[in-house]
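Every chain is numbered from 1, with letters handed out A, B, ... down the list of sequences.
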Amino acid sequence: MTQTSTSDVTPDTAETQPTGTEPTETVMETVVNIGPSHPSTHGVCRVVVHLDGEVITHCEPIIGHLHRGIEKMAENRTYLQVVPLTDRLDYVGSMYANWAYCRAVERLAGIRVPERAEYIRVIVCELQRIASHMMGIGSTGADTGAFTAFMYTFAQREKVVELFELLCGARLTYNYVRPGGVSRDLPDGWVEQCRAFTAQHPSAMLEIDDLLLGNVIARARLKGVGVLTQVDAVAWGTSGPIARGSGVDWDLRRDDPYSVYPRFDFSVPLGDNGDSYDRARVRVWECVESCRIINQALDQLEPGSVQAEGLPRLLAPRPGDAYDHIESARGSLGVYLVSDGSPRLYRMKVRSPAFCNLAVLPLLAKGHTLSDLVVILGSLDPVFGEVDR
Amino acid sequence: MTLLWGFLWGVASVATIAGGAILGVWWERKVSARIQMRYGPQQIGPYGSLQMIADVPKLLFKEDIVPDLADKAVFKLAPLFVFGPVATSMVVIPFAAGWAPVDMSVGILFFLAVPSIEVIAILLSAWASHNTLSTIGGLRATAQMISYEIPRSLAVLSVVLLAGSLRPLDVLSAWQWWWAPLTFVGFVIYFIASIAEMNRGPFDIPEADSELVAGYFADYSGMRWASFMMAEYGSMIAASLFGAVVFFGGGWPLSGAAGVVLLVIKTVLIMTAVMWVKWTFPRPRQDQLMSFCWKVLTPLALLQLVIVGAVLPWL
């Protein structure tokens, strides 16, 4: 690590200089490595930060520390064997990757999913959205030093994780959504537990909102920090709460309706200023909206099969390709599949919202202080399993 | 003889801080756990009170890591210089009327001034670590601790004005119950500025764990790390004790041994408030903290001083 250097002394510094800015004699720059192992990089991200005093002149996220080659590994596996791999993409929201992949497979192979399975998928994915946002909001707290807020959100997340544990036995990597449906039906009493959760969750969200986002210091830390304009949000391809925080009214659940979402009444919360505060706020209200969706889905849930009938053990779709996307907690998550007619995938490509959202970090962090960098990074809520894949 | 007594009081002060830190860590774990809907330690001893007995040997047996590029002599000595001033400042605090370990005519000035030396030690430890994050932490600590000296001293000055003396024993004997409401704003300023002085949350910006990992002591381990920890708890204990004496009249209304017990209770209450604040609030940014110091706390402390000055001729 370079202690303090003028920009042209060490080769390491010169290498990471932003292109187009000639280093001048008078600027004393400090180069700081945030990460790859750091309390607020939310995984393993390395951010090379060029500081003038404490003000960021340039920063660059260096990704790939968690690269496991999941897209390549998928090429050696059958269609069903890829589902556990997708669990490891966005490990805070495994259900989404499961579902996005399964939708692409279903589109490729022309599988019709039973209605009950679609409802269950919607329910678990909305629960997953809550669990994921609890992580996002909580880490906004932890990044600003409000660790208690983190514990409060994790208490809520824990309740969701317990529901998932009842459902499939796993707490993090569920492997629950499968091509053609879901792996098993809801266990006895699960619906009642889920209703109990959605009944208390909105009030818990209000409490967390009050504790964290209502706090005068938190507001000072979050408001006006990392402003992403609506134009930039679209231009950089952001999606999810990051785009909606900037006022981009785009939600795949409503704008490219899939599954049974058209049957539900819900609204899409939007931010005004596109700062870290608005992004956190959008997440809070999305959790409340998710509760509404879950309640409606539980009301409309009818008995029936949860797996498509007559599905072969070994899927071998006809040659061709398919793309499908869903609205994950981080934005539009797309999966592109190519089949060559064999039982193994020919190619998988994941359009990862966390990756696209992370790209705006240098744009947002410039001119802010080091303290703001962790807040901005936290407000983008990246999950590096999905960024690096 | 004086030297011997001085030595003994020094040892007593260190022992008080060490013992207080052990109890303080347990208490903080319990308080923070309750705030965060947890139980905290409960396995070792009643209510987990012997947890620190398990933790201290762990710290003792840890490897003493000194980074290769560190300025080794300074790196090794800095923790002592962080802890020393805090322990030194403790000795002037009076525990009961007519009884202070060291009776000093400028005791209050001494208490406010000596812990400031800690800043230099923190800067040394930060610089010697040869770590960018540590350096940033050390510089933040310097700016913060020097700035917060001013509202803190001004707040205490209002009580000094009322007592007409810088001798802590005189302040204690002259203390009247109505001073507490009169100087309440001063106490709040003292409370906030003390938190900034001891680098505790929410003003733990120099060691901000989410930004600088641990700031100036990021590279320390084992007992050297523990002496930073002890210094932090030591200044919390000292500041709470001093606040209880100056702003709440020590053992008032009791006297003698009962008064000392009451003083300890008041101190624990102030310490609990310090913990409560830490585990509730997020951390402000450095520039926000500095502008809060200079634009809010310092004018308020001056206003408090003016109010006390206006009341004084009517006494």
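Looking at B/Q288, only its side chain comes within 4.5 Å of chain A, counting heavy atoms on both sides. Contacts of A/A220 with chain B are made by both backbone and side-chain atoms, with heavy-atom separations under 4.5 Å. For A/T148, the parts sitting under 4.5 Å from any heavy atom of chain B are the backbone and the side chain alike. Of the atoms belonging to A/V49, not a single heavy atom falls under 4.5 Å from chain B. Only the side chain of A/L51 comes within contact range of chain B, with at least one heavy atom under 4.5 Å from a heavy atom of that chain.
No cation-pi contact links A/R157 to A/Y152, judged by a cut-off of 6.0 Å to the six-membered ring centre and 45° from its axis.
Salt bridge annotation for A/E54-B/R285: absent, with no cationic side-chain nitrogen under 4.0 angstrom from a carboxylate oxygen. Taking the charged nitrogens against the carboxylate oxygens, A/K366 and A/D372 have no contact shorter than 4.0 Å, which rules out a salt bridge.
Across A/L370, A/L373, A/I217, the residue that shares the most heavy-atom pairs under 4.5 angstrom with chain B is A/I217.
In terms of modelled atom types and a separation under 3.5 Å, the side chain of B/Q51 and the main chain of B/P41 share no donor-acceptor contact.
The closest side-chain donor-acceptor pair between A/R279 and A/S379 falls under 3.5 angstrom.
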